[in-house]
Amino acid sequence: MNLFMGYHFPMNIYRKTFEAGGITQLSLDFSSTCNYKCDWCFNLHLLNNDGKDLLTLAERITLLEDARALGVRTLVVPGTGEPTLDPYFRETIEAAHERGLISVVYTNLTGRVDEDLLVWMRDHGVSLGVKLDSFKEGHFLERYHATKKQYGRFILGFKLLTQQVD
């Protein structure tokens with residue numbers, strides 16, 4: 001059983017797609033909206049620019065359709081910011097799912113993440129990568145420049161993620 005889908009394809013799939021002139025993965029940043037200011041962030045100059053960088057939902061769907069035609073099997077959402085804060089997050093993941101793509105989303109679990117969203121993502125075959133380097137509150141507050149409320153949301157999100165959700 002593959003717990004983290006999207007990167008699980010055998011090498012011959014990547015090779016065949018490449019030889020046919022296609023690509024296997026599409027990496028797509030959604031918006032640059034972020035609720036952190038991490039010490040190590042290499043995107044600080046891009047963050048929170050009032051949606052000026054957003055593709056419309058229609059543009060995203062066209063991109064996903066074009067990518068699928070090129071052989072894309074995985075949509076990777078690395079997050080210039082926090083992907084779940086994007087206004088078209090669900091719609092974009094839904095469009096990818098409808099086109100047979102596996103979505104891999106990297107999240108800090110403090111955006112719009114709640115039990116409902118986690119269940120919805122599970123039901124849409126989303127693999128989650130969680131951005132973290134410590135469970136210690138002091139470290140979290142200092143290095144992420146986050147609030148105690150955000151730390152609480154992270155802990156809650158992590159607990160929800162690691163328990164079996166029906």
What one should report as the nearest heavy-atom pair of Gly157 and Leu118 is O-CD1, 4.0 Å
Provide the closest heavy-atom pair for Pro78 versus Val76 in the form atom of the first, atom of the second, distance. CD-O, 3.2 Å
Please identify each residue that fulfils side-chain hydrogen bond (donor to acceptor under 3.5 Å, both in side chains) with Glu94, with sequence neighbours left out. His124
Could you pull out all residues at least two apart from Tyr151 that satisfy ring-ring contact (aromatic ring centres under 6.0 Å, His included)? Phe140
With a 4.5 Å heavy-atom cut-off, do Ile155 and Phe135 have their side chains touching? yes
How about Val126 and Ile93: do any of their side-chain heavy atoms sit closer than 4.5 Å? yes
Tell me, please, which residues at least two apart from Tyr7 pass ring-ring contact (aromatic ring centres under 6.0 Å, His included). Phe4
Just say parallel, tilted or perpendicular for the rings of Trp120 and Phe89, cut-offs at 30° and 60°. tilted
The side-chain contact (heavy atoms from CB on, under 4.5 Å) partners of Lys16 (sequence neighbours excluded) come to none
Atom pair CG/CG of Leu64 and Leu26 - distance to nearest 0.5 Å: 6.5 Å
Within the structure provided, determine whether Val77 and Phe30 are in side-chain contact (heavy-atom separation under 4.5 Å). yes
Got a sec, which residues hit side-chain contact (heavy atoms from CB on, under 4.5 Å) with Lys148, two or more places apart in sequence or on another chain? Glu137, Leu141
Run Tyr144 and Asp39 through side chain to side chain contact (heavy atoms under 4.5 Å, CB included) and show every step you take. CA-CA 6 Å; Tyr144 292 96; Asp39 286 344; over 6 Å; no
Any idea which heavy atoms bring Leu85 and Gly111 closest together, and the distance? CD2-CA, 3.7 Å
What pairs with Asp116 under side-chain hydrogen bond (donor to acceptor under 3.5 Å, both in side chains), at least two apart in sequence or on another chain? Arg90
Rounded to the nearest 0.5 angstrom, the CZ-CG distance for Arg153 and Leu160 is 10.0 Å
Check: Leu54 and Asp86 side chains under 4.5 Å, non-hydrogen atoms: yes
Using side-chain heavy atoms (C-beta onward) and a distance below 4.5 Å, is Val113 in contact with Phe154? no
May I have all residue pairs that pass salt bridge (charged side-chain N to carboxylate O under 4.0 Å, His left out) and include part of residues 64-81, sequence neighbours excluded? Glu65-Arg99
Nearest-0.5 Å distance that lies between atom CG in Leu109 and atom CD in Gln150: 12.5 Å
Any side-chain donor paired with an acceptor under 3.5 Å for Asp123 and His97? no
Is there side-chain contact between Tyr88 and Leu55, with heavy atoms separated by less than 4.5 Å? no
Measure the OG1-CG distance between Thr84 and Leu117 for me, rounded to the nearest 0.5 Å. 6.5 Å
Who pairs with Thr107 by side-chain hydrogen bond (donor to acceptor under 3.5 Å, both in side chains), at least two apart in sequence or on another chain? Glu82
Co-membership, hydrophobic cluster, residues Leu101 and Leu128, 4.5 Å side-chain: yes
Which pairs count as salt bridge (charged side-chain N to carboxylate O under 4.0 Å, His left out) when at least one residue sits in residues 27-36, sequence neighbours excluded? none
Do Ile102 and His8 have side-chain heavy atoms sitting under 4.5 Å apart? yes
Sort out for me which residue in Thr92, Leu75, Leu28, Val72 forms a side chain to side chain contact (heavy atoms under 4.5 Å, CB included) with Leu63. Leu28
All salt bridge (Lys or Arg N to Asp or Glu O under 4.0 Å) counterparts of Glu98, not counting sequence neighbours: none
Sequence neighbours left out, what passes side-chain hydrogen bond (donor to acceptor under 3.5 Å, both in side chains) with Arg112? Give chain and number order. none
Run the side-chain contact (heavy atoms from CB on, under 4.5 Å) test against His139 and tell me which residues pass, sequence neighbours left out. Asp133, Ser134, Lys136, Arg143
Which is it for Val104 and Thr74 under the side chain to side chain contact (heavy atoms under 4.5 Å, CB included) test, yes or no, and what are the steps along the way? CA-CA 7 Å; Val104 176; Thr74 304; 3.8 Å; yes
For the student: nearest non-hydrogen atoms of Pro10 and Tyr14, plus distance: O-CD1, 3.5 Å
Pairwise side-chain contact, Thr24 with Phe18, heavy-atom cut-off 4.5 Å (strictly under): no
